[in-house]
Amino acid sequence: MKRTSSLGSLGATLQAALVVVLVLPSAWAATQFETLHKFTGGKDGGGPSATLILDQAGNLYGTTTNGGATDHGAVFELTHVNGNWKETVIYSFCPTDCSDGANPFAGLIFDPAGNLYGTTEWGGNSALCSGAGCGVVFELMPKQDGSWAEKVLHEFTATDGANPLAGLIFDQAGNLYGTTYSGGAGPCDPYGCGVVFQLAPNSDGSWQENVLYSFCPTDCGDGAFPSAGLIFDATGSLYGTTGGGGEFGGGGGTVFQLTPNGKGSWTESVLYSFCVVSSCRDGRYPYGGVVFDQTGNLYGTTRAGGANINGAVFQLTPNQDGSWNETVLHSSLTSKNGLDGSDPYGGLIFDQTGNLYGTMAGGGADGWGVVFKLAPNSNGGWHETVLHAFADRPGALPLAGLTFDTTGNLYGTTSGDYSKTTHGSVFEITP
């Protein structure tokens, strides 16, 4: 059975790409935009909603939520050969009963051996989650003949998490960490309020899942429904966001920290709860993850809120007493056709001089979203520059974050339009 995102229509879909700090070139005088691949919605995939990754040869890898051999999503590779890009589907999900997973919403990561790891929102053998399975964590291993073999590392069963929308990260010991949008011990209907989990490899090749934290044990002041990936700090603490819950009424979402304790348990702390005033000028619904700068400040986006209600870019600054102050760096315009964009779902990345880059799913000259840059001013403010405005030819609705290559080229995906006359694309912006 084909499944759409558990988050409803594309306009309410959450981006769950893994956000990492990238230190790369930043000189943008004039930019050149190129569509590298246009998805058809068929066997080549459709509706990519995740951030891309690159291998050492400069090839791009990503996922599509739909399309593939059975329209349950795919993993693809874009290979750069003689100035052209060729797409190859290296795995299509759900060839038979979807026990291998279905509808991957998040991006991928590599291990040192060149294997790929990711999550699917649906699939697995669980009879729960509307009978479609509660999602899986998978590994793709390259074979000598050029094909890839898939292995399911973990099937979620609702009590241990359900519907992972975010990608994964490794620690130095080879353990995997991620979030699920629902599931866990919390009281949210129908499967719980989401979890943070760890997968630890066993000597026999299997993996053991440990739920590090279940959100919303009581009143959801700690957050609910995490849709983005996690990041580590230098001490081994984890940081992320939740799209709902928080201290204040309305469930505007949170930025949280998980600190490891000496006996294997973890303590959750809410660093910031959004929507502290009725107009939510501080932002609302942080669906993307957060990223550190070199001095320990956190940065992210909110899907709504801000001065003009259509989203914001924010900074969290730590205080000596352990609290954090929030500053809105940029607020999107109220109109969908606001030239600076609106509705940022994805996370942010840095260049080496401290400029921020991201996407917005709406706004721009034609209302189909933008790629933007935020540059700090000498007076402490930030200036936004739109690097590209999408016009649904074929780019429309960029939900994911961005990726730099080593020479400063910027790569991303678009998901396609609401009517599905376009099915998404992979693009490059060259400085």
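Owing to the predicted nature of the structure, the values given are computational and were not obtained by experimental measurement.
- Using modelled atom types, no side-chain atom of Thr88 and backbone atom of Ile90 make a donor-acceptor pair closer than 3.5 Å.
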- prompt: Given the rule in the side chain to side chain contact (heavy atoms under 4.5 Å, CB included) test, do Leu348 and Tyr357 qualify, once you have shown the distances and angles that lead to the verdict?
  reply: CA-CA 6 Å; Leu348 303 165; Tyr357 298 81; over 6 Å; no

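- Distance alone, capped at 3.5 Å, places no donor-acceptor pair between the Asp189 side chain and the Gly192 backbone.
- Looking at heavy atoms from C-beta onward, His423 lies out of side-chain contact with Asp44 at the 4.5 angstrom threshold.
- With hydrogens and angles ignored, the 3.5 Å screen pairs no side-chain donor or acceptor of Thr413 with any backbone N or O of Ser49.
- Interatomic distance, CZ of Arg281 versus CG of Asn308, reported as 8.0 Å (0.5 Å rounding).
- Residue Asn82 places its CG atom among 12 or fewer non-hydrogen atoms of other residues, nucleotides or ligands, all under 6.0 Å distant.
- Here the CG-CG distance, from Asp71 to Asn103, works out to 8.0 Å after rounding to the nearest 0.5 Å.
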- request: Please test Thr64 against Phe76 for side chain to side chain contact (heavy atoms under 4.5 Å, CB included), starting from the C-alpha separation and ending with a verdict.
  value: CA-CA 8 Å; Thr64 66; Phe76 66 87; 3.8 Å; yes

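- Between Cys129 and Cys134, a gap of under 2.5 Å is found separating the two SG atoms.
- Checked against the 2.5 Å cut-off, the SG-SG distance between Cys280 and Cys275 falls under it.
- Between the side chains of Thr422 and Asp392, at least one donor N or O lies within less than 3.5 Å of an accepting N or O.
- Remark: of the listed residues Tyr117, Tyr177, Phe232, Tyr117 is the sole one forming a ring pair (Phe, Tyr, Trp, His ring centres under 6.0 Å) with Phe170.
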- request: Report the C-alpha separation of Glu155 and Asn125 in whole Å, then their side-chain angles, then the decisive distance to 0.1 Å, and conclude whether the side chain to side chain donor-acceptor pair (under 3.5 Å) test is met.
  value: CA-CA 7 Å; Glu155 299 174 358; Asn125 288 315; 2.9 Å; yes

task: Given side chain to side chain contact (heavy atoms under 4.5 Å, CB included), test Leu316 with Val255 step by step and report yes or no.
output: CA-CA 9 Å; Leu316 289 181; Val255 177; 3.8 Å; yes

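- Without hydrogens or angle criteria, Asp366 side chain to Trp368 main chain gives no donor-acceptor distance under 3.5 Å.
- Ile429 places a side-chain heavy atom less than 4.5 Å from the side chain of Val371.
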field: Check against side chain to side chain contact (heavy atoms under 4.5 Å, CB included), Tyr239 and Phe292
entry: CA-CA 10 Å; Tyr239 297 77; Phe292 277 113; 3.7 Å; yes

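- Contact of the Ile349 side chain with the Val291 side chain is not registered, since no non-hydrogen atoms from C-beta on lie closer than 4.5 Å.
- Between Asn163 and Ser182, the side chains place a donor N or O and an acceptor N or O closer than 3.5 Å (distance only, hydrogens not considered).
- Going from atom CG of Leu176 over to atom CG of Leu230 covers 11.5 Å, rounded to the nearest 0.5 Å.
- Each of Phe314, Tyr285, Tyr287, Phe256 was scored for a ring pair (Phe, Tyr, Trp, His ring centres under 6.0 Å) with Phe274, with one residue passing: Phe314.
- Distance check, rounded to the nearest 0.5 Å: CG of Leu36 to NZ of Lys86 gives 15.5 Å.
- Taken to the nearest 0.5 Å, the NE2 atom of His154 stands 3.5 Å off from the CG atom of Asp160.
- Here the side chains of Val152 and Val137 are not in contact, with every heavy-atom distance at 4.5 Å or above.
- No side-chain heavy atom of Leu402 sits less than 4.5 Å from a side-chain heavy atom of Leu52.
- Side-chain contact between Leu410 and Thr403 is absent, with no heavy atoms from C-beta onward closer than 4.5 Å.
- In this structure, a donor-acceptor pair under 3.5 Å is absent between the side chains of Ser273 and Thr254.
- Ring centroid separation for the pair Trp85 and His80 comes in under the 6.0 Å cut-off.
- Put simply, CZ on Phe197 and OG1 on Thr119 are 7.0 Å apart, with the number rounded to the nearest 0.5 Å.
- Looking at Tyr272 and Asp282, their side chains come closer than 4.5 Å, going by heavy atoms from C-beta outward.
- Ring orientation note: the planes of Tyr213 and Phe215 are nearly perpendicular, at an angle over 60° on the 30°/60° scale.
- Not counting sequence neighbours, the partners of His388 by the ring-ring contact (aromatic ring centres under 6.0 Å, His included) test are Phe33, Phe390.
- Between Cys188 and Cys193, the gamma sulfurs sit within a distance below 2.5 angstrom.
- With contacts defined as side-chain heavy-atom distances shorter than 4.5 Å, the pair Gln315/Asn297 qualifies.
- A donor-acceptor contact under 3.5 angstrom links the side chains of Ser425 and Thr414, judged on distance only.
- For the pair Thr302 (side chain) and Gly283 (backbone), a donor-acceptor distance under 3.5 Å is absent.
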